[in-house]
Trainee: 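I'd like to ask you about the structure that follows.
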Amino acid sequence: MSKKSIALGALTGGLFTAPMMSVMYIADKWVDLSFAPFDAFDWLTRVLPGAFITFGIDLMIDLLRAFGASVANTAKTAEQIIAVGVFLIAGAVAGIIVFVAFDRLRPNRWIEFGLILGVIFGVPIAAITADIGQSTLSPYVNFAWITLLFLAWGALVIHTGRRTLPPASTPALETGSSGETRSAQALGRRQFLVRMGVATASVTVVGAGLGRVLETSERSRLEKELDAVSADAMTDLAPMIDLPNEDDPVKPALGTRPEYTAVRDHYKVFIRSQPTKIEAAAWTLPIAGLVDHPKVMTLDEIRTAYAPRSEFVTLTCISNRLGGDLISTTYWTGVSMQDILEEIGPKPEARYLVISCGDGFYETVALDLIYSDERIMLAYAWDGRPIPFDHGFPLRIWLPDRYGMKQPKWITGIEVVGEYREGYWVERGWDEVARIKATSVVDTVAVDSIIEDGDSKLIPVGGIAFAGARGVSKVEVRVDEKGEWREAKLRSPLSDVSWVIWRYDWPFSEGSHVFEVRCVESDGTPQIAERSSSPRPSGSTGIHQRSERV
């Protein structure tokens, strides 16, 4: 195994993998063929041990926070970049294997040799895309498509090996010195590599650009489809413009996060590299199992056959770090699960709902929990419009007082069963109940909003506090560790299940200071002060603090 064959193999494998991904990207956005890098990455996240996946998630979030990036806005993009990078590295490794094999064997039938190697590398990837890919086309079509691309990849890599690897032996030369000829051969190989690099780079850039245009067009089409759904069936669900606490005298300190999260800014977390896209016209919800009246419901039936419920809801991710931004508040509308259960009639031995989703996610919800809380809903609208396709369209469930990991979206089926089954993240080591931990955050020390109060100056300090459905009765702020805890003012929450905006006007004192905050639940239970080393398995805890020089 020569160093040259390893280096050339890695370079060639990577150079041809990049344009192959661009071609896949175009085909994905144009005709809905599979994009193998995402499918392969998603498959890995399902088969690798849960602890390994959690470690990767934690590392990615910690790096984003270390660089000051918004986890809510960049985590999924970072994940996609990792998926593409892993696929590119795999292509480079495959190129090394091809070059080393070719260098050793020097087959006469090199084209056939390249095609065979293409099949060896391509068939497993094709099988993965056929198994878990989200394409609406036949799995056989996707299998053939990916295999064909790898056949071309193998032939091109082997052709490059023939042109760039030095011959196994140098024959006697009739004219000129062997040194001069070898130099000419080396120059020819370098020129070939340069031309190949330019060609593959051009295909990659053009393909990526065209794929991006097609993706934008597809997103526009889906949004127009949601607008049509909204116009046809949801005219009575006008978006909430005026917040119920608009006249509350406690105003958020400048720099506090928006009390109501615009839907476009709501955090996104899901198990696939891309959001699942479900066509509204073809979607139905089968509800079967241990029930007296199995049903298959359309989206229109769910919207029109039951009285709608609406609520301002704060949703947070169990992976959210202390003070993180994987938490949002918007206006949900749906149907109470109690109404659904009343119609289907669970049998006496029924105990749980097993909810299946279009992205492969699944979760179990106890019937006793649903019977105890009429607020639990199958939601079909946010802010008076259909739930966006990248947030779970057409249907997702909401469970008060539970982290997002227990709240499936893109729901495609419900089975009523008698025995408990672990959900997707529970199988991977996360908390079975996933009850929200009380938390409070210092969002801002508004040094540019000094309040003149006689001879003294006050600086508004503010943020949010949240304790799930249990509510927040008090928020306290401490400035520097030796200071006393002072009670902050609370703004009326949007609902019993939304976060609370708090504000504390701090007497100005020049210098560097550390601001800390803690909250108390409605029943007097203080938030957990001990800082958890990791959100796993039950969510982050601890006292949030913010350093500021004033």
Side-chain angles (χ1 to χ4, degrees), residues 24-25 27-46 53 57 72 75-80 83-84 128-139 141-142 211 214-226 229 263-264 266-286 297-299 302 315 317 326 328 332 334 354-363 378-382 385-398 404-415 423-425 428:
M24 290 178 186
Y25 185 37
D28 174 31
K29 303 308 175 185
W30 190 11
V31 294
D32 201 31
L33 285 163
S34 288
F35 186 63
F38 288 171
D39 290 343
F41 186 79
D42 293 342
W43 177 81
L44 282 174
T45 61
R46 294 191 184 190
I53 299 302
I57 294 172
K76 191 53 60 175
T77 300
E79 183 181 312
Q80 292 175 344
V84 170
I128 288 172
T129 62
D131 179 37
I132 72 167
Q134 299 189 82
S135 169
T136 57
L137 301 178
S138 165
V141 172
N142 280 286
L214 292 170
E215 182 176 12
T216 301
S217 176
E218 172 67 3
R219 188 178 188 89
S220 177
R221 183 189 71 80
L222 288 168
E223 289 177 348
K224 288 180 180 178
E225 178 181 298
L226 292 184
V229 170
V263 171
R264 66 178 179 276
H266 199 288
Y267 82 89
K268 303 183 187 77
V269 172
F270 39 86
I271 64 171
R272 301 297 298 260
S273 298
Q274 299 184 92
T276 300
K277 298 172 185 176
I278 294 177
E279 298 289 340
W283 179 88
T284 58
L285 177 67
M297 308 174 71
T298 66
L299 191 55
I302 293 173
L315 187 69
C317 179
L326 294 179
S328 304
W332 294 52
V354 177
I355 302 174
S356 303
C357 305
D359 60 347
F361 189 82
Y362 45 89
E363 186 52 71
L378 285 178
Y380 48 75
W382 276 6
R385 298 185 67 250
I387 292 175
F389 71 88
D390 48 358
H391 284 285
F393 178 84
L395 202 66
R396 60 183 298 168
I397 196 170
W398 172 58
M405 62 161 275
K406 301 293 288 187
Q407 323 232 19
K409 40 193 178 285
W410 298 294
I411 295 174
T412 54
I414 297 177
E415 182 184 5
Y424 183 92
W425 286 116
R428 288 157 176 78

Trainee: In Å and rounded to the nearest 0.5 Å, what is the CE to CG distance from Met297 to Leu299?
Mentor: 10.0 Å
Trainee: Nearest 0.5 angstrom please: Ile397 CD1 to Ile355 CD1, how far?
Mentor: 4.0 Å
Trainee: Do Ser356 and Glu415 have side chains that get closer than 4.5 Å, going by heavy atoms?
Mentor: no
Trainee: I need the Trp30 CH2 to Leu214 CG distance, nearest 0.5 Å.
Mentor: 8.0 Å
Trainee: Tell me, please, which residues at least two apart from Gln407 pass side-chain hydrogen bond (donor to acceptor under 3.5 Å, both in side chains).
Mentor: none
Trainee: Between Phe270 and Pro275, which heavy-atom pair has the shortest distance, and what is it?
Mentor: CE1-N, 3.6 Å
Trainee: Quick check: closest heavy atoms across Trp425 and Met405, and the distance to 0.1 Å?
Mentor: CB-CE, 3.7 Å
Trainee: If the condition is ring-ring contact (aromatic ring centres under 6.0 Å, His included), which residues does Tyr362 pass it with, not counting sequence neighbours?
Mentor: Tyr424
Trainee: Please report the shortest heavy-atom distance between Ser34 and Gly133, naming the atom on each side.
Mentor: OG-CA, 4.3 Å
Trainee: What are the two closest non-hydrogen atoms of Ser273 and Phe41, and how far apart are they?
Mentor: OG-CD2, 3.7 Å
Trainee: Under 3.5 Å, which donor-acceptor pairs link side chains of residues 276-283 to any protein atom two or more places apart or in another chain?
Mentor:
unit_1	atom_1	unit_2	atom_2	d
Thr276	OG1	Gln134	OE1	2.7
Glu279	OE2	Arg221	NH2	3.2
Trp283	NE1	Ile411	O	2.9

Trainee: Please tell me if the side chains of Lys409 and Cys357 come closer than 4.5 Å, counting only heavy atoms from C-beta onward.
Mentor: no
Trainee: If the condition is side chain to side chain contact (heavy atoms under 4.5 Å, CB included), which residues does Thr284 pass it with, not counting sequence neighbours?
Mentor: Val296, Thr298
Trainee: Taking the side chain from Trp410 and the backbone from Phe389, do they hold a donor-acceptor pair closer than 3.5 Å?
Mentor: yes
Trainee: Which residues pass the ring-ring contact (aromatic ring centres under 6.0 Å, His included) test with Tyr267, sequence neighbours left out?
Mentor: none
Trainee: Report yes if some heavy atom in the side chain of Met24 is under 4.5 Å from a heavy atom in the side chain of Phe38; otherwise report no.
Mentor: no
Trainee: So do the side chains of Arg428 and Ile53 get within less than 4.5 Å of each other, counting heavy atoms only?
Mentor: no
Trainee: Classify the angle between the aromatic ring planes of Trp332 and Trp398 as parallel (below 30°), tilted (30 to 60°) or perpendicular (above 60°).
Mentor: tilted
Trainee: Rounded at 0.5 Å granularity, tell me how far CG in Leu326 sits from SG in Cys317.
Mentor: 5.0 Å
Trainee: What pairs meet the salt bridge (Lys or Arg N to Asp or Glu O under 4.0 Å) rule with one or both residues in residues 34-43, with sequence neighbours excluded?
Mentor: Asp39-Arg272, Asp42-Arg272
Trainee: Does Lys406 have any salt bridge (charged side-chain N to carboxylate O under 4.0 Å, His left out) partners at least two apart in sequence or in another chain, and if so, which?
Mentor: Glu363
Trainee: Mind checking the CG-NE2 spacing from Leu315 to His391? Nearest 0.5 Å is all I need.
Mentor: 10.0 Å
Trainee: Please identify each residue that fulfils side chain to side chain contact (heavy atoms under 4.5 Å, CB included) with Asp32, with sequence neighbours left out.
Mentor: Asp28, Ser135, Thr136
Trainee: To the closest 0.5 Å, what do you measure between CD1 (Ile132) and CZ (Arg46)?
Mentor: 5.0 Å
Trainee: What are the two closest non-hydrogen atoms of Leu33 and Leu137, and how far apart are they?
Mentor: CD2-CD1, 3.6 Å
